[in-house]
Asker: 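Once you've had a glance at the structure underneath, I'll fire off some questions.
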Amino acid sequence: MTLRTPEAWTGRFGAILAVAGSAVGLGNFIRFPAQAAQYGGGAFMLAYFASFLIIGIPLVWAEWTLGRMGGKHGYHSAAGVLHSVVHRPWAKYLGGLGFLIVTLIFVYYISIEAWCLGYTVNALLGRFDGSTDYGAFFGTFVGAGANGSAIAFGLGDLGLFLLATFALNFYFIHRGISRGIETVCRYALPALLALALVILARVLTLGTPDPTKPDQNVINGLGFLWNPSKPGLSVFDDLANPQLWLAAASQVFFSLSIGMGVIITYASYLKPRDDVALSGLTAAAANEACEVGIGGTLTVPAAYVFLGASGVAALAGQTIGLGFIALPQVLANMPGGQALAVCYFGLLFLAALTSSLSMLQPGIALLEEGPGFDRGRSVGLLALLTALGAAFVWYFSADLKALDTIDFWVANVLIFIQATAVIIVFGWVIGIKQGLAETRRGAKMHVPDFVGPVMKYLCPAYLLAIFGLFVVNKIVGWNFRFGADAAFSPSGYVTDLVGPEPSAVARASFALIVAFLIFTLLLVRHSARRWQARANLTPAPSPLNPSSR
Ligand code: PFF
C-alpha cells in the first residue's frame, strides 16, 4: 500500500500544537532550570523576560509570517521560503542554515531523547530504587567513561533505546504532517502536561521534609528561582555579568525553537489567510507556561528542598547532571519516588519526541522541493545522514565531548546568525511595513504599531549586541564584568580546537559540522538550479520584486 501524505495541518490549531510541541522540550524541563540556577535565579529571570520580549516575540512573528508567505509560493524549507520571498542569490543559502542547524541538533538531541526512554523503561521495570547510584548508572548508560563503551544493548546501555527512538522518529515523520507530527503532538502534549502536574503537585506539597533543616522548604526553593537579589548582593551585581545576558538569550532561542527554520517550515503548511499573529503568540505562551510554570517550578524547588542552596548552586549550568543524576536522586527520596521517576522520565521523553520530530521536517521539506525526491526517499536520505551523525555522537561518548562540542557551536553560533538574518530580512529587505502587513493578514488579534520599530531596530540591535558579547567573551576570551577587573581566557571550546592541547574529538566534531555545512551548500545550490529552471518555464511576477523573475 502506498502511503499518501497530506502535506497540511488539519487546521490552524494543528499548527499551534505542532509549534508548541517543537518548543516544549528538554530545554524547558532541564536546560532552563540549570541556567536559572547558574545565573542567580531572579536576575536571570529579568534578562530572560527581556530577551523573550525583545527577540523572542519578534522572531516568532517574523518566522510564522515568512513561513506562510513561502507556503503560498509552494515552498516549505527555509531555503525555499527565503528564495521565494526575497529573490536575492544569498537568501537561499541563509535559509539553508535552517537545514544545517536542525539536522545537527537532531544528531545529539536524539541521544538525550534515548536516555529519557531508557530511564523511563528502567523506572517502569522497577530497576531504580532508593539505593540507586544515579551517577554511576548514568556514566555506564551513556558511556561517559570511554569512547565506544555506549555501544552496548542491555537495559542499562544506550544502544537499544537509541535504535528504538530513532526508528520511532522516522516512523512518525514518514507518516507526514498531519498524520505523523500533528497526531503525536495531539496525544503527547496533554499526556506530558498530566505527568508534569502529578510531579508538580508532589513537589509543591513537600513543605519542609527535614525538620532539622528548616531553611530547606518549598517556599525558599521558589524564592531561589524568583528573588532578584541574594543576601548581601544587589540584583545589579548579577545583571553586570554579560554571560547572564548571553545565557538568557540563548535559552529563549533554544526553547522557542526560533532561529532554526522550524517555525518557517511549520507555518508554510498554513493556508494563505490563516492567522499567524495569535497562533504564534499562543504557541510561544504555551512554551513559557511549561518552561517557567512547570520546568522551573518543579525542578528548582525539588532540588532546593533536598540539596539546599549550596546543592542547587553546585548544579549550576549542569543541564545533564541536573536532569539525569540530581533530580532522579531527589525524586527517589520522596514518598512514591518510583512512580514519580516514571512520570518524570516519561514526561521528558514525550517532550523530546515532539521536539525532535520538528527537527526532521525542515530537512524533508528541502529534500522534497530541492532535488525533488518523494517523501519516502527524502525520509530515507535524511535517516541515513542523521544516522551517520548520531552514530558519531554515540561512539564518541567519553565525557560527552562530541555532544557538547556540537551543541556549543550549533546552538550558540549558528542560531544567532540565522536569527539575525531572519529578522533583518523581515525588517529591512522585505521592509517592516510590508512585513507587518503580512503578519496582520488574517490576524485574529491586533498587532500594535510599536511592534514595527521593535522588529526593525531594537531586535536586530539586541541580537548583534548579544552576538558581539558572545564573540568577545567566549571566542576571544575577554571575560569582563561591568565594574570589575577583566580576565582573559578563551572558552574551552575554542582552546579544544586551536589551543596548545587540542582535543581530537572536539576537532572531529567540528569537522563533522563543516562536512554537514558543505553538504548543505551543495544541496541548496542544486535545489536553486531546479527552482530557477522551473521559474524560467513559468515566469510569475513577484509582489516584492516584480522585475526579478
Ligand atoms: N525547543 C526545544 C527544547 O526546548 O528542548 C529544542 C529544539 C526544538 C531545538 C527544535 C531545535 C529545534 F529545531
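Quantities reported herein were computed from a predicted structural model and do not represent experimental measurements. For ligands, and for the atoms within them, numbers begin at 1 and follow the listed sequence.
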Asker: What about Trp61 and Phe426, are their ring centers closer than 6.0 Å?
Answerer: no
Asker: Pick one: which of Trp245, Tyr493, Phe408, Trp409 meets ring pair (Phe, Tyr, Trp, His ring centres under 6.0 Å) with Phe470?
Answerer: Phe408
Asker: Would you say the side-chain atoms of Ser257 and Ser22 include a donor-acceptor pair closer than 3.5 Å?
Answerer: yes
Asker: Can the ring centres of Phe392 and Phe396 be said to be less than 6.0 Å apart?
Answerer: yes
Asker: Restricting to ring-ring contact (aromatic ring centres under 6.0 Å, His included), what partner residues turn up for Phe349, sequence neighbours left out?
Answerer: none
Asker: Using a 4.0 angstrom limit on heavy atoms, which residues are close to ligand 1?
Answerer: Ser22, Ala23, Gly25, Leu26, Gly27, Asn28, Val102, Ile105, Tyr109, Phe254, Ser255, Ser257, Met260, Val262, Ser355, Ser358, Met359
Asker: Phe324 and Tyr119: aromatic ring centres closer than 6.0 Å?
Answerer: yes
